[in-house]
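In the text below, chain A, chain B and the rest are named by the order of the sequence lines, each starting its count at 1.
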There are 2 protein chains.
Amino acid sequence: MTSTPRRRGADRTEAIMRTTVELGQEIGYPKLSIEAIAARAGVGKHTIYRRWSSKGALLLDSLLSLDEPELDFSYTDDVLADLREQAHAAVELLARPPVGPLVQALIAEAQHDPQVAAELKERFINPMAGKLVKRLRTAQEQGHLSPDFDLDLAMSICSGPLYFQFLIIQEPITREYVNDFFGALFTGMSPRPAARGKAVRQDR
Amino acid sequence: MTSTPRRRGADRTEAIMRTTVELGQEIGYPKLSIEAIAARAGVGKHTIYRRWSSKGALLLDSLLSLDEPELDFSYTDDVLADLREQAHAAVELLARPPVGPLVQALIAEAQHDPQVAAELKERFINPMAGKLVKRLRTAQEQGHLSPDFDLDLAMSICSGPLYFQFLIIQEPITREYVNDFFGALFTGMSPRPAARGKAVRQDR
DNA sequence: ATGTCAACGGCACGTGCCGTACCGATAGGG
DNA sequence: CCCTATCGGTACGGCACGTGCCGTTGACAT
């Protein structure tokens with residue numbers, strides 16, 4: 001009889017997360033208020049507070065509910081190309097709404113909410129980092145990567161500059177940047193004995 | 001006659017920034033309210049709003065007013081050692097209050113306040129990055145760095161992973177990490193023709 | 001010494017959102 | 001077909017925001 005017929009719990013959970021993403025795109029995720037989400041979703045505030053302990057927790061679930069295309073590495077015998085390909089895909093995903101702004105807001109939240117920080121790491125950062133480490137391990141086993149390399153260190157070297165550009169510089173990350181970046185990583189910063197090719201600008 | 005005799009404008013500016021740092025250390029910079037700062041500093045809210053357009057602007061000025069030791073690069077003929085030394089100093093500075101939490105809070109603010117982001121870059125990030133680029137340029141001129149290397153790219157490669165550890169991983173950055181990190185950067189991730197030494201773990 | 005004026009501390013206001021509590025309605029499981 | 005957990009809605013006290021006003025104060029020029 002009511003215009004919005006009562007739905008089961010799972011339906012509401014989904015509706016709230018969908019509304020969170022929508023409303024966040026309209027007014028910006030940092031400005032989102034629980035009140036506004038509840039009003040827009042046609043839901044009592046209690047129904048939100050019962051499910052999520054903080055705005056950050058809601059944002060994280062909303063992000064993960066987006067089921068964007070899984071980013072998985074290729075496993076060709078060209079690690080460098082595989083890393084570049086993956087990075088291009090990740091950059092593209094982060095470049096536009098809703099994923100980019102959501103991740104940005106979540107990382108900001110994580111700076112002052114340890115619980116959000118822990119969950120973000122566990123459910124978003126670590127899975128991506130894990131895939132990267134796995135890819136690097138394979139490369140190492142196949143002799144395509146320096147053998148005495150701590151893989152976690154390698155992971156943060158591969159990831160760090162991209163996060164730096166995303167969070168600090170906050171300017172669009174070009175394909176050229178990604179290409180040059182990985183080229184430089186593999187070649188190293190030391191000058192080579194002159195025989196070798198250019199250190200960067202070696203697009204594939 | 002009043003217990004707090006009137007002071008000149010500059011005095012108040014300084015008092016407010018000092019109170020900001022103090023109170024922030026006690027209750028955390030994200031929880032800081034203008035009201036609380038004004039009350040603690042014995043100052044009207046207007047006096048704060050007249051000087052700073054946002055909490056982020058106040059935090060940034062407060063940070064820069066700390067006149068911590070200037071971090072300047074050494075210019076020996078060992079770039080790698082100079083970079084490590086500088087990184088160690090920076091990590092140490094960021095590891096403990098008030099600088100670390102302040103920078104963290106500012107970067108969080110910068111994620112949803114473009115004005116803070118711009119000022120933070122201009123007055124904090126860029127100066128440090130500039131020194132790094134300058135040091136790298138010298139190294140390049142002296143042949144200690146691969147000659148065809150975009151210096152801005154090199155800068156973000158050197159900085160990124162440290163910010164990544166600081167903001168995302170949020171675990172203390174050890175001296176060993178910094179040492180391994182720069183060792184890896186200069187050696188490159190490609191396997192070497194077996195002749196060369198280990199890629200990492202080469203403490204000086 | 002006196003006058004001027006901008007800046008000041010203090011206070012109050014309206015607004016927005018927080019997180020909680022209570023209500024009557026309702027739907028699903030026993 | 002009833003029972004009970006969950007629901008939407010509403011109201012609440014509390015806090016901080018940013019602004020406006022008021023009477024005071026102190027630096028500076030006269």
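- Shown for residues 19-29 of chain B: no residue has heavy atoms falling under 4.0 angstrom of DNA chain C.
- If you take CZ of A:R40 and P of D:dG9, they are 15 Å apart, rounded to a whole angstrom.
- For A:R12 and D:dG8, the shortest distance from a side-chain N or O to OP1 or OP2 is below 4.0 Å.
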Pairs of donor and acceptor atoms involving the side chains of residues 36-47 of chain B, under 3.5 Å and at least two apart or interchain, shall be tabulated with distances.
unit_1: B:R40; atom_1: NH1; unit_2: B:E26; atom_2: OE2; d: 3.3
unit_1: B:R40; atom_1: NH2; unit_2: B:E26; atom_2: OE1; d: 2.6
unit_1: B:R40; atom_1: NH2; unit_2: B:E26; atom_2: OE2; d: 3.4
unit_1: B:K45; atom_1: NZ; unit_2: B:E35; atom_2: OE2; d: 3.0

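- B:F182 and B:A87 get closest at one heavy-atom pair: CE1-CB, 3.5 Å.
- Distances shown here put every side-chain N or O of A:T47 at or beyond 4.0 Å from the OP1 or OP2 atom of D:dT6.
- Applying the side-chain contact (heavy atoms from CB on, under 4.5 Å) criterion to B:L94, with sequence neighbours excluded, gives B:V99, B:V103, B:F166.
- Atom CH2 in A:W52 sits about 16 Å away from atom C1' in C:dG19, given to the nearest Å.
- Residues satisfying the side-chain contact (heavy atoms from CB on, under 4.5 Å) test with A:P101, not counting sequence neighbours, are A:Y29, A:P97.
- Taking the side-chain contact (heavy atoms from CB on, under 4.5 Å) definition, one finds that B:D82 meets it with B:S74, B:T76, B:E85, B:R135, sequence neighbours left out.
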Can you tabulate the close N/O pairs, meaning under 3.5 Å, that link protein atoms to atoms of nucleotides 13-20 of chain D?
unit_1: D:dC17; atom_1: OP1; unit_2: B:I34; atom_2: N; d: 3.0
unit_1: D:dC17; atom_1: OP2; unit_2: B:I34; atom_2: N; d: 3.1
unit_1: D:dC17; atom_1: OP2; unit_2: B:E35; atom_2: N; d: 3.0
unit_1: D:dG18; atom_1: OP2; unit_2: B:Y49; atom_2: OH; d: 2.7
unit_1: D:dG18; atom_1: N7; unit_2: B:K45; atom_2: NZ; d: 3.1
unit_1: D:dG18; atom_1: O6; unit_2: B:K45; atom_2: NZ; d: 2.7
unit_1: D:dG20; atom_1: N7; unit_2: B:H46; atom_2: NE2; d: 2.7
unit_1: D:dG20; atom_1: O6; unit_2: B:H46; atom_2: NE2; d: 3.3

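- The side chain of B:R51 places no N or O atom within less than 4.0 Å of a non-bridging phosphate oxygen (OP1 or OP2) of C:dA7.
- Looking at residues two or more places apart in sequence or on another chain, you find a side-chain contact (heavy atoms from CB on, under 4.5 Å) between B:E141 and B:R137.
- Residue pairs that meet the side chain to side chain donor-acceptor pair (under 3.5 Å) test with at least one member in residues 115-130 of chain A, sequence neighbours left out, are A:D61-A:R123, A:E119-A:R123.
- Residue pairs meeting the side chain to side chain donor-acceptor pair (under 3.5 Å) criterion with at least one partner in residues 92-104 of chain B, sequence neighbours excluded, are A:Q111-B:Q104.
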